[in-house]
Colleague: 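My questions all concern the structure below.
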Amino acid sequence: MPNGASSSAAAIWAILRKECRSEWRTRYGLSAALLFAVTTLTAVSFAAGRMPDRTDVLAALLWIVLLFAALAALAHSFVREVEAHTLTLLRLLASPSSIALGKLIFNLLFLGVLELVTVPLFLVLMGAPPPNWGPFLLLLALGSAALAAAATLVAALIAQTRGRGALFAALALPLLLPVLAATVSGTRAQWSGGSVAPAAKLLISYTLAVMAVSLLLYDHLWEE
Amino acid sequence: MNGGTATLTARRLAIAVEARGLRHRFGPRVALEPQTFSFGEGGVVAATGPNGSGKSTLLRIVAGLLRPSGGESVVTLDGRAISAFDRRKVLGFSSPELSFYDEFTTSENLEFAARSALAALERVNLAERAGDRVGTLSSGLRQRLRLAFATLGDPPLLLLDEPGSHLDDDGHALVERVVREGAGRGLVLLATNDEREWRLAERRIQLRGRDLGHSA
């Protein structure tokens with residue numbers, strides 16, 4: 001049989017390329033997320049000023065800005081397909097699992113780009129002390145993986161529902177509370193010289209659990 | 001599936017489509033009255049009937065895009081049953097509901113599905129517009145793109161829902177060519193009320209909405 005995007009790896013790669021190309025052409029998601037992150041950071045730095053000795057507040061602020069900047073864009077990863085009526089095209093090309101995994105990898109890349117801009121800006125504007133780079137980058141990577149996995153699952157689940165915007169927030173935010181708690185406590189710990197291992201373990205377990213549930217659910221997602 | 005090489009298969013593949021008491025409801029509304037038929041010799045079959053009689057629903061169920069409320073549809077290739085989940089790998093599908101990415105060119109949309117994009121565009125006389133974004137195409141050219149998408153990889157089963165919609169006379173000649181080539185490879189199932197199209201079929205399924213539906 002012809003293949004094209006028929007094998008899983010090829011399909012995931014095709015979806016990922018399509019997502020990157022689409023984002024590059026439209027820049028809807030990245031522009032909105034970066035605009036949100038920069039304006040929020042600017043507003044917070046003006047309102048609260050630099051706080052180099054308040055690493056507990058800095059850790060919380062960093063992840064709240066990242067979470068909310070990313071959420072709006074991640075929520076739309078499937079909604080865009082529904083609103084543009086391209087979901088049928090995708091379903092004819094790849095299995096739901098491949099579609100979701102391609103979008104998950106794209107969301108991870110998206111978060112990476114967002115963090116590349118937001119984190120240095122945050123450290124400068126808020127006057128944060130230099131992070132312990134190894135643990136700090138590990139937490140950013142694990143936190144991004146957990147955030148992307150949960151947001152992709154919820155976005156896939158709510159894509160064809162009515163009132164999906166409100167539903168995404170109602171489902172995603174409670175689901176992401178453990179991620180927020182672990183990343184904030186880990187980020188605080190690396191600034192205060194503590195261990196990030198407990199937070200890292202929690203994030204790894206969380207991501208694996210969400211991925212396992214996702215792989216079970218994805219193939220039944222869009223059965224009409 | 002809608003992808004892969006553009007080599008015309010010399011041998012007609014033994015593709016068969018069967019419906020056993022196949023029916024569907026959207027909530028309380030009956031979308032497809034029970035259908036029982038079997039087509040195993042290839043060629044062209046047309047599903048005709050008034051608006052709302054379930055032509056598009058029938059094609060979506062056979063394509064594996066819609067799970068029927070009752071009964072079952074069976075697609076076999078060389079005697080091997082293809083699950084609804086895997087049917088996309090053996091069929092080409094065109095429907096007015098099928099949309100492409102406006103921000104991509106015609107060839108980029110097809111390359112997303114396969115590497116034989118240019119050959120497919122040439123088949124529907126759209127090669128000159130390979131670099132144009134889909135968002136700039138007229139409805140007729142979009143329909144040609146749907147036909148190109150359906151024929152990617154020369155699938156043995158071709159499901160065409162209103163293939164001639166928005167097309168001019170040249171477009172209708174194109175539909176005829178696509179249908180005849182598809183019948184040469186396997187089975188073509190058309191959903192149409194256009195006489196130019198259903199006359200291409202050797203057999204018809206007459207859908208009659210809520211009253212009755214039978215194979216003819």
Side-chain angles (χ1 to χ4, degrees), chain A residues 1-31 76-99 102-103 106 160 162 215-224, chain B residues 1-7 9 13 24 26 31 57 60-61 63-69 77 82 84-105 108-117 133-135 145-146 149-156 159:
Chain A
M1 265 345 290
N3 41 38
S6 60
S7 79
S8 291
I12 293 168
W13 175 239
I15 301 285
L16 176 61
R17 280 181 53 206
K18 188 276 291 179
E19 292 291 317
C20 291
R21 183 179 269 171
S22 181
E23 183 58 42
W24 180 251
R25 291 267 165 87
T26 61
R27 293 191 182 88
Y28 289 148
L30 201 57
S31 303
H76 280 88
S77 53
F78 287 93
V79 171
R80 269 203 306 263
E81 306 286 356
V82 173
E83 290 177 348
H85 308 290
T86 47
L87 199 55
T88 299
L89 175 70
L90 277 186
R91 291 179 63 198
L92 286 166
L93 295 177
S95 69
S97 293
S98 302
I99 297 168
K103 284 182 177 282
F106 171 76
Q160 296 194 91
R162 288 185 193 148
L215 290 174
L216 288 174
L217 284 178
Y218 280 146
D219 281 340
H220 307 283
L221 270 182
W222 301 307
E223 283 179 353
E224 293 173 45
Chain B
M1 117 156 234
N2 293 279
T5 62
T7 313
T9 313
L13 289 160
H24 194 67
F26 289 111
T57 303
R60 287 180 71 80
I61 291 173
L65 293 169
L66 188 63
R67 179 186 280 195
S69 307
L77 181 66
I82 311 289
F85 190 79
D86 285 328
R87 275 183 208 166
R88 60 189 163 75
K89 297 175 183 171
V90 300
L91 60 83
F93 184 85
S94 168
S95 157
E97 295 170 18
L98 185 67
S99 295
F100 297 93
Y101 294 96
D102 284 350
E103 66 268 28
F104 293 169
T105 64
E108 284 169 345
N109 268 288
L110 297 193
E111 279 161 9
F112 174 39
R115 297 201 180 280
S116 53
R133 293 201 182 178
V134 168
L145 185 58
R146 290 187 188 103
F149 175 74
T151 57
L152 279 174
D154 297 323
L159 304 177

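Letters A, B, ... mirror the listed sequences (proteins, then strands); counts begin at 1.
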Colleague: So for A:Thr26, is it side chain, backbone, both, or neither that comes closer than 4.5 Å to the heavy atoms of chain B?
Modeller: side chain

Colleague: Quick one: what part of A:Arg21 sits under 4.5 Å from any heavy atom of chain B, side chain, backbone, both or neither?
Modeller: both

Colleague: Minimum heavy-atom separation for B:Gly64 and A:Arg91, please, with both atom names.
Modeller: O-NH2, 4.0 Å

Colleague: Is chain A contacted by the side chain of B:Arg146, its backbone, both, or neither, given a heavy-atom distance below 4.5 Å?
Modeller: neither

Colleague: Taking only Lys NZ, Arg NE, NH1 and NH2, and the carboxylate oxygens of Asp or Glu, determine whether B:Glu111 and A:Arg17 approach each other closer than 4.0 Å.
Modeller: no

Colleague: Can you tell me how far the CG atom of A:Leu89 sits from the CZ atom of B:Phe149, to the nearest 0.5 Å?
Modeller: 4.5 Å

Colleague: Using every non-hydrogen atom in the two residues, find where B:Ser99 and A:Ala84 come nearest and quote the distance to one decimal.
Modeller: CB-O, 3.5 Å

Colleague: B:Asp86, B:Leu98, B:Asp102: which one forms the most heavy-atom pairs within less than 4.5 Å of chain A?
Modeller: B:Leu98

Colleague: Just how far is it from atom CD of B:Glu108 to atom OG of A:Ser22, taken to the nearest 0.5 Å?
Modeller: 10.5 Å

Colleague: Which atom names give the shortest non-hydrogen contact between B:Phe112 and A:Ala14, and what distance separates them?
Modeller: CE1-O, 3.4 Å

Colleague: In terms of heavy-atom proximity below 4.5 Å to chain B, should A:Leu90 be classed as side chain, backbone, both, or neither?
Modeller: side chain

Colleague: Given heavy-atom pairs under 4.5 angstrom as the criterion, report whether the side chain, backbone, both or neither of B:Glu97 touches chain A.
Modeller: backbone

Colleague: To the nearest 0.5 Å, tell me how far A:Leu92 CG sits from B:Leu159 CG.
Modeller: 9.5 Å

Colleague: Are A:Lys18 and B:Tyr101 side-chain neighbours, meaning at least one heavy-atom pair lies under 4.5 Å?
Modeller: yes

Colleague: A quick test of your reading: do over 12 heavy atoms of other residues, nucleotides or ligands sit less than 6.0 Å from OH of A:Tyr28?
Modeller: no

Colleague: Nearest heavy-atom pair of A:Thr88 and B:Arg60: which atoms, and what distance?
Modeller: OG1-NH1, 3.9 Å

